[in-house]
Amino acid sequence: MNIYAEFHVRIAAILDRFAKQGRLPRDLDLARFVVEPPRDASLGDLASNAAMVFAKEAKATYANPRQLAADLAIQLTEEPEVDRAEVAGPGFINIRLKPRVFTDILREILVEGVDFGRGAAGRVAAAKINVEFVSANPTGPMHIGHGRGAVFGDALAGLVEFAGSQVTREYYINDAGAQVDVLASSAYLRYLEALGDKVTIPEGLYPGDYLKPVGAALAEKYGDRLRGKPEAEWLAPVRDLAIDAMMAMIREDLAALNITHEVFFSERSLHVRHNGVSDVEAAIDELRAKKLVYEGRLPPPKGQLPEDWEDREQTLFKSTDFGDDIDRPLKKSDGAFTYFASDIAYHRKKIEAGYDVLVDVWGADHGGYVKRMNAAVLALSGGATTLDVKLCQMVKLMRDGEPVKMSKRSGDFVTLREVVDEVGVDAVRFMMLTRKNDAPLEFDLARVIEQSRDNPVFYVQYAHARAHSALRQGRAAFADLDLSATRLAAADLALLSDESEQSLLKYLAQYPRVIESAAAAHEPHRLAFYLHDLASFFHSHWNRGKDQPQLRFVNQDSRDLTCARLALVTGLIHVLASGLSVLGVKAPEEMR
RNA sequence: GCACCCGUAGCUCAGCUGGAUAGAGCGCUGCCCUCCGAAGGCAGAGGCCAGGGGUUCGAAUCCCUUCGGGUGCGCCA
């Protein structure tokens, strides 16, 4: 149970009653007030600002928010779970719940296990969400920056899925532009090299060693049949094979991070004509039918004029109608469609697939592209589908505080694979989520494998392992002890009377709310921070047991007390394991 | 020149979509622990939330503006 959501409903019902009694206007927007944990836990378990939010509308009956709050508090006291409700400050209502509310939630956790919190977004969850992420060009191995987008996207997908949405993870393969021709040219040189020719990779082509196996594969498949032929003859076959090889490599890189996409969508497929018309053409036609496409001139950018600027008439999408700064070209000077035109067609396909929400995860260098994409989705869907573009900032790779040098082998960057191989998938995944997506991230290769509290990955996993250690001790102390969830759920949980046990218990109860708000905001880092805080509550409670043995989880003299405490420990295990699993991080039972 | 993102403790960052006395880790200071309830613990100092204006019961959060950083700026993707 999400007690915050639950009491939002209760308070809304009371307000509704007041409205029917004529004490409040009838058309209150009940979504406006919130129920949340109070600033200070000593104030109570729940706090609501309802009285202040509706103070204006209530003016006729209540002179000030405190009066309305007082009336609400009286009603709330009637609720069976409420111990007391009081007015504080300018009109907050602080609610203290009966202890059994929280022990009931612990029982719920024990019964539901790692499914506690699932579906927490409830009715506010979008039914169908598409998360498009990574979408690295198929021209080389993934680098650490791609890794951030990959982890972010995958964790976000896992999060909204857990919160109750139906999720599709999708990868958009940019296999249609000039960059794949450059890839083909690069691979062709490696092909000649594999045949024994001496080659140098000129400026502008991809120099990385990773294309050598592609050259070898081409040599194996075609022998010397492509040697000396005009580009027009070898370009397509070389390109196709090279793209396949690059995508295979990228899939492996993703697999190393435990990431799989359900859909790989080819940009090139959008240009293939079915019944004489391609998806791109169809999309542009649709916009044209909505009178959003015209032939016109664009003013040159202010400031320094690009050298090759040529004032010409072009095909433009009227994105300014939807909040963009300037209308955007759909065709290049050679008549081919721009990347934006393909992207419009791509998003149109996603809209047609019936998604309620589209999430695109991009690198921050694409920030200038957001407005036009939002404009396109708005124009095509009429607002029925919303697009949320999440920009991931750069990753600065460090080692002991010093920037890491680039690797020659891969071209000019540190590959994601190198990092994963060095520090492990869990460290990479969790660290990538310890920062907001739009804040730059420093990733220290030495730090993330430290076994200390400076290392958040270790800190959280260790809490889980420590909890299991407590269970093992319990088993050792009481050989016949049944630690199954059903047995523990039947324990006398009222024995959890210590202050830090209560804190831990109440923090566990917040899990569904964290899932809900993190999913709604599309911000998986909130879950990572919650897990870290939860671990922190547990570690500090554990540490108190050092000086005060009577607080330890296992108490030789009392089977009941031990059961109650191990019930709490098991609840913690479930929530930690659940949260880590949502983020795609392992929850080990012991640290080695 | 314009757009977008960012500016919070000495450092690295949270701050739950407008709430109460702005939080955590590192670092610093002071005590305690030192061997498996191991991979440290407790406490303390430290802030004009970049500056200025506005909106309202109430602003780190929303709007305007200045300053300072980052990213991008027809026909690349």
B:rA77 C1' sits how many Å from A:Tyr346 OH, rounded?
15 Å
Pick base, sugar-phosphate or nothing for A:Arg435, based on heavy-atom distances below 4.0 Å to the nucleic acid.
sugar-phosphate
Using Watson-Crick or G-U wobble geometry with both distances under 3.5 Å, which nucleotide pairs with B:rU61?
none
Counting the atoms with a prime plus P, OP1 and OP2 as sugar-phosphate, which does A:Lys371 contact under 4.0 Å by heavy atoms, base, sugar-phosphate, or nothing?
sugar-phosphate
Note: A:Asp325-A:Lys371 ion pair, threshold 4.0 Å (strictly below)
yes
What's the gap between B:rA39 and B:rG23 when it is taken at their C1' atoms, as a whole Å value?
27 Å
With centres under 5.5 Å and planes under 30°, do A:Tyr462 and B:rA39 count as stacked?
no
Using a heavy-atom cut-off of under 4.0 Å over every strand shown, decide if A:Pro300 touches base, sugar-phosphate, or nothing.
nothing
Over all strands shown, is A:Tyr530 touching base, sugar-phosphate only, or nothing at heavy-atom distances under 4.0 angstrom?
nothing
Counting just side-chain N and O atoms, does A:Lys332 come under 4.0 Å of either OP1 or OP2 of B:rA77?
yes
Please step through side-chain hydrogen bond (donor to acceptor under 3.5 Å, both in side chains) for the pair A:Asn555 and A:Thr562, ending with a clear verdict.
CA-CA 5 Å; A:Asn555 188 314; A:Thr562 301; 5.4 Å; no
What is the distance from NZ of A:Lys436 to C1' of B:rA24, rounded to the nearest Å?
14 Å
Which nucleotide, if any, forms a Watson-Crick or G-U wobble pair with B:rC73, using both distances under 3.5 Å?
B:rG1
If the cut-off is 4.0 Å, is A:Arg466 near the phosphate of B:rA39, judged by side-chain N/O to OP1 or OP2?
yes
For a quick check of understanding: with a heavy-atom distance under 4.0 Å over all strands, which category does A:Val554 fall into, base, sugar-phosphate or nothing?
base
Remember a base hit wins even if backbone is also touched, and classify A:Met394 as base, sugar-phosphate or nothing at under 4.0 Å, heavy atoms.
nothing
Can you tell me the distance, in whole Å, between the CD atom of A:Gln473 and the P atom of B:rA38?
10 Å
Does A:Arg526 reach a base, just sugar-phosphate, or nothing at all? Heavy atoms under 4.0 Å.
sugar-phosphate
Identify whether any heavy atom of A:Gln179 sits under 4.0 Å from a base atom; if not, whether one sits that close to sugar-phosphate; answer base, sugar-phosphate or nothing.
sugar-phosphate
Identify whether the distance between the nearest side-chain nitrogen and carboxylate oxygen of A:Lys436 and A:Glu523 falls below 4.0 Å.
no
I'd like to know if A:Asp498 and A:Arg544 make a salt bridge, using a cut-off of under 4.0 Å between side-chain N and carboxylate O.
yes
May I ask you to verify whether the side chain of A:Ser517 and the base of B:rC16 hold a donor-acceptor pair under 3.5 Å?
no
For B:rC16 versus B:rA60, give the span between their P atoms, rounded off to a whole number of Å.
12 Å
Check this for me: does any side-chain nitrogen of one of A:Lys506 and A:Asp45 sit under 4.0 Å from a carboxylate oxygen of the other?
yes
